[in-house]
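To keep things clear, I will list the structure first and then write my remarks on it.
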Amino acid sequence: MLTTNTSEAWEMAQEYVGALFLAFFYFIALYHCIKYKFFKTLDYPILIIGFIFAIALPMRHLYKEYKHTGIDYRLINSSKLSNYLKNTPFFSLAPFIEAKDFLDQTIQFKNQTFDYPPFKTKPNNIENIIVVIGESARRDALSLYGNITKTTPLIDKRINQLYIYDQAVSPAAFTNASISLLLSKQIPNKNFSIEKNLDNIISLANQTNIWETYWLSTQENISMYVNMFSMINNQAKNKNWISNAIYDEAIISEYEKALTDNHKKRLIFIHLQGSHPVCSKRYPDGFKLFADNSTTINEYNNSIYYTDFVIDKLIQKLESTSSMLIYVSDHGLSNIGTKMVHATNKKGVEVPFFIWYSDFVSQDFKKKGRDSTPISTTNLYNILMEYLGIEGIKYKDRNSKLEVLTSEFTILQYKDMEDGQ
């Protein structure tokens, strides 16, 4: 909750209103049990012994965990207290403490910049590189990737101008870590660090003194301290969060302004609301198209269909220029029960990833067809380096093992994850 925004937190809370009521009545009942019975029969020596065990046993378990995984305790970047609490009955407090620790780190490093070694920027004819970061779109929901429901008819028509990664895997199943790992030079590992976000593709593009950088978003921005990746997107020279946007097409007007300013070369990031739960709130009534599946799947497909419309609008503005558009989703979702939810399984990290090229882009850069090689979307950093023309900077590790960072900040390999629904 501490690393999200108010509207997203409120929407998610509405999904679990029943559980919140149960929790409330549980604690009321617990309070009365303690008040009227527990303290009347309290055996203080037993309480003291129990207290000692309550402290010592989690510490022993934590030590064994670090010893088994090979993690150096001194290098753990998340809060030591949160790691301890995860092994106690108070484990539910750990994520809040961990989130606050990450936010504190973001504040700590907010004014720092990364010092790059000298490098060259090779000239090219690309005018605009647009990176559209989708939200919660899983790969198999797009008809471009085989969904029998025609959820992406407009992008499907442009297939001759696309280079499609058929087996792209996100580095995390939640937005904060995923976008950090997409745009920074770090890959999923046991020592994920906010400080390592300082080396990111926006900062690198700025130091070319050739590319103008932009961050446009329909997601809320309470302050620069809200998200783990805020120190990345705030590096953009031009920033605009349309936090009152009801739907993603609200980004179009700001996008048009960016494309018609006086800069010659632009790197524009667009962060959409996409298909984030609650999916039914992500599209206008005119996009309530599908009715042949469950309500959950229909609403999710509608949100993908609307994203297809938005992406096509963005592409239309580029067709007469030497430009390219990259679309990648931050993560997928898993269908559990009657909800589409964040989950660390294969469905939660299988994402769409493709590149559209205008007819005016040099053949030196164009690729067409489908690439069936498994790829981590962390390679976005390297892909953008090439299109920016940057030479002399070491490439980011390719994450060829397709490692994924979990919400507990442990590491899984994609091949070892459950399939999900």
Side-chain angles (χ1 to χ4, degrees), residues 1-21 132-143 147 149-155 170 173-176 178-179 216-222 226-227 240-255 270-314 327-343 347-348 351-352 421:
M1 298 282 280
L2 291 178
T3 54
T4 183
N5 56 55
T6 54
S7 62
E8 183 176 293
W10 174 243
E11 287 178 1
M12 293 179 72
Q14 291 179 72
E15 289 290 289
Y16 297 97
V17 63
L20 291 174
F21 273 111
V132 180
I133 302 176
E135 172 67 58
S136 302
R138 58 189 254 179
R139 188 168 64 224
D140 63 1
L142 281 69
S143 52
N147 188 351
T149 303
K150 295 295 289 183
T151 54
T152 53
L154 300 175
I155 298 300
S170 169
F174 59 108
T175 301
N176 271 323
S178 174
I179 294 183
L216 307 177
S217 176
T218 54
Q219 298 210 12
E220 187 178 33
N221 180 52
I222 300 174
V226 174
N227 299 304
N240 196 331
W241 285 267
I242 310 175
S243 57
N244 61 348
I246 300 176
Y247 304 116
D248 281 333
E249 62 193 284
I251 206 76
I252 300 294
S253 61
E254 293 301 321
Y255 173 67
I270 297 177
H271 189 199
L272 302 177
Q273 296 183 63
S275 301
H276 194 285
V278 178
C279 298
S280 60
K281 297 184 178 181
R282 302 296 171 225
Y283 51 86
D285 288 345
F287 288 81
K288 292 180 179 178
L289 185 67
F290 304 113
D292 53 349
N293 289 293
S294 67
T295 300
T296 300
I297 298 301
N298 289 333
E299 291 175 350
Y300 190 64
N301 282 340
N302 288 337
S303 70
I304 299 293
Y305 182 68
Y306 179 62
T307 297
D308 176 64
F309 164 79
V310 173
I311 293 174
D312 192 69
K313 287 289 186 184
L314 298 175
Y327 175 74
V328 60
S329 182
D330 58 353
H331 56 77
L333 292 177
S334 190
N335 187 6
I336 298 178
T338 59
K339 294 183 175 69
M340 300 295 291
V341 299
H342 297 70
K347 293 299 183 186
V351 293
Q421 296 294 322

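No experiment lies behind these values; they were computed from the predicted model shown. FYI, the numbering just counts along the sequence from 1.
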On a heavy-atom basis, which atom in [X] and which in [Y] lie closest, and how many Å separate them?
{"X": "Ser253", "Y": "Ala250", "value": "OG-O, 3.8 Å"}
{"X": "Phe174", "Y": "His342", "value": "CA-CD2, 4.4 Å"}
{"X": "Ser136", "Y": "Ser329", "value": "N-OG, 3.6 Å"}
{"X": "Ala141", "Y": "Tyr300", "value": "CB-CE2, 3.6 Å"}
{"X": "Ile336", "Y": "Ala343", "value": "CD1-CB, 4.4 Å"}
{"X": "Arg138", "Y": "Asn335", "value": "NH1-N, 3.8 Å"}

Can you name the residues that form a side chain to side chain donor-acceptor pair (under 3.5 Å) with [X], not counting sequence neighbours?
{"X": "Glu299", "result": "none"}
{"X": "Tyr305", "result": "none"}
{"X": "Thr307", "result": "none"}

Note, Ile270 side chain near Thr218 side chain (heavy atom, < 4.5 Å):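 No; the side chains remain at least 4.5 Å from each other.
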Would you say the side chain of Val132 lies within less than 4.5 Å of the side chain of His271, judging by non-hydrogen atoms?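 Not in contact.
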State whether a side-chain donor-acceptor pair under 3.5 Å links [X] with [Y].
{"X": "Glu135", "Y": "Ser275", "value": "no"}
{"X": "Asn240", "Y": "Glu254", "value": "yes"}
{"X": "Thr296", "Y": "Thr338", "value": "no"}
{"X": "Thr175", "Y": "Asp330", "value": "yes"}

Assert yes or no for the condition that the ring centre distance of His276 to His331 is strictly below 6.0 Å.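 That pair fails the under 6.0 Å test.
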Strictly under 6.0 Å, is that where the ring centroids of Tyr283 and Tyr247 end up?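 Here the rings of Tyr247 and Tyr283 have centres that are no less than 6.0 Å from each other.
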To the nearest 0.5 angstrom, please state how far the [atom1] atom of [X] sits from the [atom2] atom of [Y].
{"X": "Ile304", "Y": "Leu142", "atom1": "CD1", "atom2": "CG", "value": "5.5 Å"}
{"X": "Ile297", "Y": "Asn147", "atom1": "CD1", "atom2": "CG", "value": "9.0 Å"}
{"X": "Ser217", "Y": "Ile133", "atom1": "OG", "atom2": "CD1", "value": "9.0 Å"}
{"X": "Thr152", "Y": "Ile311", "atom1": "OG1", "atom2": "CD1", "value": "9.0 Å"}
{"X": "Leu154", "Y": "Lys313", "atom1": "CG", "atom2": "NZ", "value": "9.5 Å"}
{"X": "Ser303", "Y": "Asp308", "atom1": "OG", "atom2": "CG", "value": "11.5 Å"}

Salt-bridge present (Asp248, Arg282; N to O < 4.0 Å):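 No.
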Above 12 or not: heavy atoms from other molecules or residues under 6.0 Å from CD1 of Ile246?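 Count not over threshold, so no.
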Can you list the steps and then say if Leu333 with Val341 is a side-chain contact (heavy atoms from CB on, under 4.5 Å)? CA-CA 5 Å; Leu333 292 177; Val341 299; 5.7 Å; no
